[in-house]
> 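First the structure, then my questions, so here it is.
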Amino acid sequence: MKEREVRRTWMHIDMDMFYAAVEIRDNPSLKKKPVAVGDNTMITTTNYIARKYGVKSAMPGFIGRKLCPHLVFIKPNYPKYRQASDQFKRILAIYDPKLESVGLDEANLDLTDYLVDNKMDNDLGKIFIAQKIREQIFMDMGMTASAGIACNKMLAKICSELNKPNGQTYMYNDEVEILKFMMDLPVRKIPGVGKVNEHILSGLNIYSCKDLVEKATEVYVTFTEYAFQFLVKSALGMARVMHEKEEGVVAQRSMGVSCTFRPIHRYNQFREKLFRLAAELESRAHQNKVMGKTLVLEFKSFKFETKIKSMTFPHYLYSQNQFKKYGILLLNQAWPIEAIRLMGLRLSNMRDRRKDKGVKVCPEVQINDADLIEPPGGPDGNQQETQDQGDGGNNQEEDKIVFSDTMHHPSNDQNNANLDDEGIEDPEIEQKHDEENMKHAKEKLFKQKYGPGEKKKKKIKGEKEILSENSRSIQSWNNVPRFHMDKIMGKSEKEKRQERVQKILKKQNQRGIESFMNESDKYLSKSDHFVKQFEELSKIKNKNDGINNCRQIRNKLKKKEERQQKDIDSGMFGVPKSFKPI
DNA sequence: GCTAAGCATATAT
DNA sequence: TTTGGATATATGCTTAGC
Ligand SMILES: Cc1cn([C@H]2C[C@H](O)[C@@H](COP(=O)(O)OP(=O)(O)OP(=O)(O)O)O2)c(=O)[nH]c1=O
Ligand SMILES: [Mg+2]
């Protein structure tokens, strides 16, 4: 394990109740009221008065209203938050032009250079600078921020939450201090350890970072090498101490749109949603002058199960016609699909349209027959238009595309003069590329339908093969030498690991999913009066409606539980880029 | 034996 | 008039291709 590096200084700064703060600044009469930014379906954030009632980010609005009847709802105004965010980041850039940030209201700064240049690289200097930055933000913006100062990003982030709102925390760059602090810290506070992994760890009786270090052996056999290293290093307070990229901003890697609606189930409805998303995606891709080679279509069923289809093309896509055409291929591939409540379309494998970068040559393709473009069973799959009166038939809700906070600004660059993107302006080249893309897609679909080529076909998966495959892979993915457990246990590492996780989860499940629920889940599952409300409704209004409503709610709760059970059954790691281990 | 595609899942704001 | 978002990036695993 690498030596601990404590000579650098990081500050994580995070605006307090950001969206709500912007709204309150612009309407001071809200100051003393409980405020939620969001709507009946979802709350993005709340002020600290509302939080006293347990109303928090990511809680459905109607739950918030039940927890706090006087809650004032404010409709989100993302462009406004974006503006405030720009101002926030302009202030910070003076101290570290390379600042890293996820989201609008937080940033991670490497202050080392600034401190050294100003001869302030000492405890007092660091505390003073953080204070000064926060004051400057307050003076310029009329809003408060909280900060954490420590020797690496992870510690700084954790510290920034300790004195919220309008406070700051300084962690001495001293190993003893750091360890003392970490040992008591719940594992969930490690950025990257979420609900699921907290749950798995608790199955090993690991709750604090101290437990994590002490039970490193159990962690080792339960998680992958990478996850193991991440967890233990994090628990010891170790993380990256240098910027990931030398030069400025890291390019965005994907761009997408999605929207939620009343469940739909007919092919034509799917297609219509897809087309709208395609149009919206085009406008965003154009604004940001990007194109991408991979198109991803995402569905969320009314049971909240997510499914995705994706395809990578030889040439870049950038227009809504392309998104529609190839999106339909993905839709057809997935068809038939049960009713969905969300559809999303995403472009990845992206490239800036302005830069001259390598253009991939289209591979030679031969297979071209078999018209696979139509969905199986005709344009409407196996759904019958006629017997559709049920519910989906007349959906007149305008699924507006919400302007998200993470969207790029429409770039300020002037014109398309210097676009160098495989000759998008040239219709002939464009057509050629489209043909090649389509050819490629058809070939893929063909293979999918009729299986891979003769050579590969014989490799019917024998389990032996899979095992050897796995034990090799673990090394190549993680690129870290690892002691081979399979030799001792007679099974592949992966199998052993997965069995172990399953066992833990099973044990946990016996304790009930209570421990896995968040505030609003608990409220929902416990609130008899929530269901009673609907029963009362049944007296006032049409009796059947009320009963149906009641059933719907119960079903929903049940599905939610099933879903959570599934979540529980599949723990994994997704370490945020900014907190990768050293 | 490496790399990338494709899909599912986790985490974050 | 109801009732659980939108976006981005990450890992893990399996399969396909050179
Ligand atoms: C957590 C979360 C935040 N957001 C938005 C709203 C928040 O104002 C903004 C910043 O997120 P946070 O910094 O997590 O929350 P906050 O700034 O509102 O409150 P505080 O930092 O004082 O605890 O991001 C969402 O839209 N959805 C979410 O699930
Ligand atoms: Mg904040």
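Per chain, numbering begins at 1; letters A, B, ... match sequence-line order.
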> Compare side-chain N and O positions of A:T41 against OP1 and OP2 of C:dG4 and report whether any pair is under 4.0 Å apart.
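Answer is no, no contact under 4.0 Å.
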> A:K444 side chain: which of B:dA5, C:dT9, B:dT11 is closest?
B:dA5
> Counting side-chain heavy atoms from C-beta on, which of C:dA8, B:dA5, C:dG4 comes nearest to A:P60?
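Selected nucleotide (nearest to the side chain): C:dG4.
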> Can you list the residues that meet the side chain to side chain contact (heavy atoms under 4.5 Å, CB included) rule with A:D14, with sequence neighbours excluded?
A:H12, A:D105, A:E106, A:K164
> Give the C-alpha distance, both sets of side-chain angles, the deciding distance and a yes or no for salt bridge (charged side-chain N to carboxylate O under 4.0 Å, His left out) between A:R284 and A:E280.
CA-CA 6 Å; A:R284 295 195 191 183; A:E280 181 61 23; 2.9 Å; yes
> Of the options C:dT9, C:dG12, C:dG4, whose atoms approach the side-chain atoms of A:T224 most closely?
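From the listed options, C:dG12 comes nearest.
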> Can you list everything that forms a ring pair (Phe, Tyr, Trp, His ring centres under 6.0 Å) with A:F299? Sequence neighbours excluded, please.
none
> Would you work out how much the helix from B:dG1-C:dC18 to B:dT13-C:dA6 bends between its ends, with each end axis defined by five base pairs, to 10 degrees?
10°
> Report yes if the distance between the aromatic ring centroids of A:Y220 and A:F228 is under 6.0 Å, otherwise no.
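Centroid distance A:Y220-A:F228: below 6.0 Å, so yes.
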> Taking only the side-chain heavy atoms of A:S254 (C-beta and beyond), determine which of B:dC7, B:dT13, C:dT9 contains the nearest atom.
C:dT9
> Go through C:dT9, B:dT13, C:dA6 for me and flag the one nearest to the A:R346 side chain.
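Of the candidates, C:dT9 comes closest.
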> What pairs with A:T44 under side chain to side chain donor-acceptor pair (under 3.5 Å), at least two apart in sequence or on another chain?
none
> Using the test salt bridge (Lys or Arg N to Asp or Glu O under 4.0 Å), find all partners of A:E338 that sit at least two apart in sequence or belong to another chain.
A:K303
> Please pick, from C:dT7, B:dT13, C:dT3, the nucleotide with the shortest atom-to-atom distance to any side-chain atom of A:S258.
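Per side-chain heavy atoms of A:S258, the pick is C:dT7.
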> Pick the nucleotide of DNA chain C nearest each of A:N40 and A:L342; which residue has the one closer to the 5' end?
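Counting from the 5' end, the first nearest nucleotide belongs to A:N40.
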> With respect to the side chain of A:A58, which nucleotide from B:dC7, C:dG5, B:dG6 is positioned closest?
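Out of B:dC7, C:dG5, B:dG6, the nucleotide with an atom closest to A:A58's side chain is C:dG5.
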> Measuring from the side chain of A:E106 (C-beta onward, heavy atoms only), which nucleotide among C:dT7, B:dT13, C:dG4 has the closest atom?
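Of C:dT7, B:dT13, C:dG4, B:dT13 is nearest to the side chain of A:E106.
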> Is the phosphate of B:dT11 approached by A:N197 (side-chain N or O, under 4.0 Å from OP1 or OP2)?
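So the side-chain polar atoms of A:N197 do come within 4.0 Å of the phosphate oxygens OP1 or OP2 of B:dT11, strictly under.
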> Tell me, please, which residues at least two apart from A:K89 pass salt bridge (Lys or Arg N to Asp or Glu O under 4.0 Å).
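A:K89 satisfies salt bridge (Lys or Arg N to Asp or Glu O under 4.0 Å) with no other residue.
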> At under 4.0 Å, does any side-chain N or O of A:R65 touch on OP1 or OP2 of C:dT3?
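So the side chain of A:R65 is outside the cut-off, no N or O lying under 4.0 Å from OP1 or OP2 of C:dT3.
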> Between B:dA12 and C:dG4, how far apart are the P atoms? Round to whole Å, please.
24 Å
> Of the candidate nucleotides C:dT7, C:dG17, C:dG5, which contains the atom at the shortest distance from the side chain of A:R284?
C:dT7
